[in-house]
2 protein chains.
Amino acid sequence: MAGRPREFDRDQALEKARDAFWTRGYEGTSMADLVSVLGLASPRIYAAFGSKEDLFREAVALYEANEGGFATRALAEEPTARRVIERMLREAVETYTRPGRPQGCMVVSAATNCAVENDSVLHWLAEHRLARTASIVERLKQGVRDGELKPDTDAEALGDYYATLMHGLSVQARDGVPKERLHALITVAMQSLDARLVQGF
Amino acid sequence: MAGRPREFDRDQALEKARDAFWTRGYEGTSMADLVSVLGLASPRIYAAFGSKEDLFREAVALYEANEGGFATRALAEEPTARRVIERMLREAVETYTRPGRPQGCMVVSAATNCAVENDSVLHWLAEHRLARTASIVERLKQGVRDGELKPDTDAEALGDYYATLMHGLSVQARDGVPKERLHALITVAMQSLDARLVQGF
DNA sequence: ATGATTCTTTATCGATCGATCAAGAATTGA
DNA sequence: TCAATTCTTGATCGATCGATAAAGAATCAT
C-alpha cells in the first residue's frame, strides 16, 4: 500500500529473464547480462525479484507454465498412453527447435555444470527432471492397467526410455540438429511403444 | 633445454583436472578449485598447461582417449552394427554410473550452459557430439550396405535415435537414476534395431 | 499539505574470476 | 665454475561476480 508505482512491466521483464536463462543457463547469465537484457538497473531487478536465484526460479516456473509444459499438458489432455507419449515427444521437438527462440529444454540445460555454491539450483532442476520421468512411468503403468499395453510390459523401463530420449532431444536441438531429423528419430522411437500395444484397444 | 626439472607429475595432474572438469564442468571449476584439487600453485598450472581453457581441452582429450572412448572402441572392434550399438550403450551406462567416479558424460555435461566468452568451448564440445552422431549414422549405413540391416532402413534416423538416447543417458546418470534402470531402458531401445535386422545374417 | 512508503538512480561494496610479475631455487651445458 | 634456462613461490593484477547503501523522485493515506 502506498509508495511510488513500478515503472516497468514485471511480467515482461520476467519473460526476458526466462529467455536469457534459457539461452545461457543460470551461471552463464550474469547480472550485467540481465541488466542489459531487461533494460533495468540492478537495484530495480533486486527490488522486484529478490535475488538472481529467486529470479531464475521464477523464470523456470514461467517456462514450465508455458513452453516447457508440453509433458504436463499431454498427460492431462490425451486419452491414451500412446497419444501422450507421441504428443509429448513431438511438442518437445517443436519447442526445442522453434526458430528465433532459445533452443533445447531450459530444465535440461540451464544448470548442468554449476559451481559448488549453486548446487541447490542444480538439484532443484534435477528433481524436476526426475518428477517428469516418474509421471511418464506412472502414465505407462496406467496404460497397462487400462489394458492399452500388454500386461507383461515393463512400464518403468519404457518410461525411463522415453524420458531419456526427451532429455537427449534437448542436447541434439541445442547442437543444431534440424527438427526434421528429430521428428524422424521419434518415429523410430514410437515403434517400441507400438510393439507393446494391445490390438483393437 | 636445461633448466630446473618439474617437481610434479604432469599426467597425474591432468587426470585430477579431468575429474574436476568432468564433475563440475568448465565454468563450474574455478582456478582456485584446480589449485586445491591438483595441489599446485596457479603459476605452476599455467606453466605446465598454458591456460584454463588449454587445460580443459587436454582434459577432454584424455577423457576421450580413455573413459569416454567407448563409442570409438565399439565402432573399431565390434563386427556388426548390432553389436556396436549395444556395446556402446552398455558401456556408456557403465562409464556414466561408475561408483566413486564423476557421473554422466564429460562431453555432454561439461559445457552446456556457458557465458558468452566461452562459446568456443561450448561449440567445440558440440562438434564432438555431432561427430559421434555422424559416426554412428555411418556405421548403420554400412550395416545396410552389408545386408545386416533391411534395405529400406532409415539409417540416419536410427543413428540419430541412438545418439540422442546416449546423450539422454548422460542426463539421467547425473540425475542419479541407477544403472540397472538405465540398462533396462537400453533393452527396450535395442528392439528398434532388432526389428530392422535381416534374419540369419 | 504532509508523512509514510515505494521505486529509481548513482555509485560502489567485498569477493572471486582468470592470469601474471618478480624473485629465489634448481638444473643443464660450456 | 658460471651463465643460461626452467621451475617454484608469494604477492598481486585488473576485471567481473552478485548484491547493496544512500539519496532523490513519485505515489498514497490522512
Side-chain angles (χ1 to χ4, degrees), chain A residues 1-14 16-18 20-21 23-60 110-111 113-122 124, chain B residues 1-14 16-18 20-21 23-60 110-111 113-122 124:
Chain A
M1 337 38 303
R4 176 175 176 176
R6 183 178 290 126
E7 287 180 5
F8 64 92
D9 185 329
R10 191 182 187 280
D11 294 339
Q12 198 173 318
L14 185 58
K16 291 177 182 172
R18 175 204 56 201
F21 282 130
T23 304
R24 287 280 160 196
Y26 178 62
E27 291 190 345
T29 307
S30 68
M31 278 307 302
D33 292 334
L34 291 169
V35 165
S36 169
V37 169
L38 308 195
L40 300 172
S42 61
R44 305 175 76 179
I45 300 176
Y46 280 91
F49 298 102
S51 68
K52 186 190 173 187
E53 182 171 338
D54 290 338
L55 174 56
F56 177 74
R57 288 175 188 261
E58 266 200 68
V60 170
N113 47 292
C114 264
V116 194
E117 62 264 29
N118 294 315
D119 257 352
S120 60
V121 172
L122 192 149
W124 184 65
Chain B
M1 309 255 152
R4 178 176 175 174
R6 182 177 291 125
E7 288 180 3
F8 64 92
D9 186 329
R10 192 183 187 279
D11 293 340
Q12 198 173 317
L14 184 58
K16 291 176 182 172
R18 174 204 56 201
F21 282 131
T23 303
R24 287 279 160 197
Y26 178 61
E27 291 189 345
T29 307
S30 68
M31 278 306 302
D33 292 334
L34 291 169
V35 166
S36 170
V37 169
L38 308 195
L40 300 172
S42 61
R44 305 175 76 180
I45 299 176
Y46 279 91
F49 299 102
S51 68
K52 186 188 172 189
E53 181 171 341
D54 290 338
L55 174 55
F56 177 74
R57 289 175 188 260
E58 266 199 69
V60 170
N113 47 292
C114 263
V116 194
E117 62 264 29
N118 294 315
D119 257 352
S120 60
V121 172
L122 192 149
W124 184 63

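Sequence lines set the chain letters: A, B, ... in the order given, protein chains first and strands last, and positions in each chain run from 1.
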Practice task
Report yes if a donor N or O on one partner sits less than 3.5 Å from an acceptor N or O on the other, where the partners are the side chain of B:Ser42 and the base of C:dT20; otherwise report no.
Solution key: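 Per atom types, the contact qualifies.
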Exercise for the section: Quick one: label A:Ala48 by what it contacts on the DNA or RNA (base, sugar-phosphate, nothing), any heavy atom closer than 4.0 Å. Expected result: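 No contact at all - A:Ala48 keeps every heavy atom at 4.0 Å or more from the nucleic acid.
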Below 4.0 Å: OP1/OP2 of [N] and any side-chain N or O of [X]:
X       : N      : result
B:Arg4  : C:dA25 : no
B:Tyr46 : C:dT20 : no
A:Arg6  : C:dT8  : no
B:Arg44 : D:dT8  : yes

Distance check needed: [N] [atom2] versus [X] [atom1], whole Å only.
X        : N      : atom1 : atom2 : value
A:Tyr26  : D:dC17 : OH    : P     : 13 Å
B:Phe49  : C:dG18 : CZ    : P     : 16 Å
B:Leu38  : C:dG18 : CG    : P     : 13 Å
A:Glu117 : D:dA19 : CD    : C1'   : 14 Å

Practice task
Kindly assign one of parallel, tilted or perpendicular to the pair A:Phe56 and A:Phe21, based on the angle between their ring planes and the thresholds 30° and 60°.
Solution key: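 Correct class here is perpendicular.
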Handout entry: Pair B:Glu58 + B:Arg10: basic N to acidic O under 4.0 Å
Key =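 Salt bridge present between B:Glu58 and B:Arg10.
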Practice task
Identify whether NZ of Lys or CZ of Arg in A:Lys52 sits under 6.0 Å from the centre of the six-membered ring of A:Tyr26 and within 45° of that ring's axis.
Solution key: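 Yes, A:Lys52 and A:Tyr26 form such a contact.
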Exercise for the section: Would you mind telling me which of C:dT27, C:dA11, C:dC21 lies closest to the side-chain atoms of A:Pro43? Expected result: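 Output: C:dA11.
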Problem - Distance-minimising heavy-atom pair for A:Ala20 and A:Leu34 - result: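 Between these two residues, the closest heavy atoms are CB-CD2, 4.4 Å.
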